[in-house]
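Comments concern the structure below.
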Amino acid sequence: MAALLRRFARATPIPFAAQSNSSHSNLRLPFAAIAAISGGVSFLYYHSSPDLVHSQQTGQEESRNTALNPDKWIEFKLQDTARVSHNTQLFRFSFDPTQKLGLDIASCILTRAPLGQDAEGKPKFVVRPYTPISDPDSKGYFDLLIKVYPGGKMSQHFASLKPGDVVEVKGPIEKLRYTPNMKKQIGMIAGGSGITPMLQVIEAILKNPDDKTQVSLLYANVSPDDILLKQKLDILATSHPNLKIFYTVDNPTKNWRGGAGYISKDMVVKGLPAPSDDTLILVCGPPGMMKQISGEKAKDWTQGEVSGILKEAGYTEQMVYKF
């Protein structure tokens, strides 16, 4: 475990208190990113349909030294876990140390776990998308941070895992194909764990000195304690003048200095770049928030029409992307 902690420290300089499941229960694990996903469709399907979802990167993996395969479920071994909060755990999975995971910006992976059998006796699985929080350039491992819900089939499965157990993974599943300087200004609206794809894009921009994109983030949560990645986000904003962040919470504490309440039109107008051909607004969060802010995706999971606050503020479908 000590070696794992040193590896964490080298790869992720931002400290965050976490409790490991190993015998070193009181150690502090430093991590550079703390987030889970749920920024995509969650669904259940059967073994008879293993290729229901494909990455747009199909066919490219053979020429890349990557661990993921968009057409095949691959087993990844759990290396270790750490408790980050009362309902959130971090999971590190390992693979060939000479390989990268093969995650592009912005994309996620699919995970699946057995869930008994169907009426015909065929294996049945629960499948969920997750966005790794580790650097896409990291070799030999990837990290997931997952909120464990009492009735969550997949999160409960993750919580039951022990080091050495495996999880089947498939991907990557491309969401938004980001390219440097694709827009002069990118505005982001995230709710809860919807911060994860935003973090992917933010870090890709900030670590590229040739990318001059201006980024503005509105991040909503239930309470200050629910804000994922706040320490990391604050440090990024302090050290990069092209990143601006505004937090708002439903239940502010007495010492809270950010916004209060749901994201409003006034917050959008004051905190995000104005509508223009050089502006892109990214949105990710729970369904209720998406409906209020941008409108939900269409039934076929295409982008659908823009509605809600963003439409009222003058943004068009070409200016908005829904994760």
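Ion pair Lys183/Asp278 not flagged as a salt bridge, since none of the NZ, NE, NH1 or NH2 atoms sits closer than 4.0 Å to an Asp/Glu carboxylate oxygen. Taking a cutoff of 4.0 Å between a charged side-chain nitrogen and a carboxylate oxygen, Asp277 and Lys184 do not qualify as a salt bridge. The pair Glu168-Arg112 meets the salt-bridge criterion, with a side-chain N (NZ, NE, NH1 or NH2) lying under 4.0 Å from an Asp/Glu carboxylate O. Comment: Lys100 engages Asp137 in a salt bridge, judged by a side-chain N to carboxylate O separation of less than 4.0 angstrom.
Relative ring orientation between Phe323 and Tyr321 is described as perpendicular, the plane-to-plane angle rising above 60° on a 0-90° scale split at 30° and 60°.
Side-chain N/O atoms of Thr316 and Gln318 include a donor and acceptor closer than 3.5 Å. Defined by atom type and a distance below 3.5 Å, a donor-acceptor pair is missing between the side-chain atoms of Asp104 and Ser107. Between the side chains of Asp225 and Ser223, no donor N or O sits under 3.5 Å from an acceptor N or O.
Note that Lys230 lies in the cation-pi zone of Tyr247, set by a 6.0 Å cut-off to the ring centre and a 45° limit from the axis.
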Next on the checklist: Lys207 vs Asp135, test: salt bridge (Lys or Arg N to Asp or Glu O under 4.0 Å). Steps then yes/no.
Outcome noted: CA-CA 11 Å; Lys207 73 178 184 180; Asp135 189 328; 3.4 Å; yes
Next on the checklist: The test is salt bridge (Lys or Arg N to Asp or Glu O under 4.0 Å); show your working for Asp118 and Lys124 and say whether it passes.
Outcome noted: CA-CA 6 Å; Asp118 63 14; Lys124 188 168 62 173; over 6 Å; no
Item to check | Working for side-chain hydrogen bond (donor to acceptor under 3.5 Å, both in side chains), residues Thr253 and Asn255 | outcome: CA-CA 5 Å; Thr253 57; Asn255 297 325; 5.9 Å; no
Checklist entry - Yes or no on side-chain contact (heavy atoms from CB on, under 4.5 Å) for Leu206 and Val215, after CA distance, side-chain angles and deciding distance? => result CA-CA 10 Å; Leu206 298 185; Val215 181; 5.7 Å; no
Item to check | Step-by-step side-chain contact (heavy atoms from CB on, under 4.5 Å) determination, Met188 to Ile281 | outcome: CA-CA 6 Å; Met188 301 177 173; Ile281 305 297; over 6 Å; no
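Rounding to the nearest 0.5 Å places CG of Leu103 at 10.5 Å from OG1 of Thr66. For the atom pair CG of Leu144 and OG of Ser155, the computed distance is 12.5 Å after rounding to the nearest 0.5 Å.
A 6.0 Å sphere centred on OH of Tyr262 holds no more than 12 heavy atoms belonging to other residues, nucleotides or ligands. Counted within 6.0 Å of CD on Gln156, heavy atoms from surrounding residues, nucleotides or ligands total more than 12; the atom is thus considered enclosed.
Proximity of a side-chain donor or acceptor of Ser239 to a complementary backbone N or O of Ile235 within less than 3.5 Å is detected. Distance alone, capped at 3.5 Å, is enough to place a donor-acceptor pair between the Asn69 side chain and the Asp71 backbone. Between the side chain of Ser264 and the main chain of Met267, a donor-acceptor pair closer than 3.5 Å is present. Under the 3.5 Å distance criterion, the side-chain polar atoms of Lys322 are matched with a main-chain donor or acceptor of Gly295. Between the side chain of Thr238 and the main chain of Asp234, a donor-acceptor pair closer than 3.5 Å is present.
Across all non-hydrogen atoms, the minimal contact from Val127 to Met154 is CA-CE, 4.2 Å. The minimum heavy-atom distance between Tyr315 and Thr279, with the atom names listed, is CE2-CG2, 4.3 Å.
Aromatic ring centres of Phe158 and Phe91 lie closer together than 6.0 Å.
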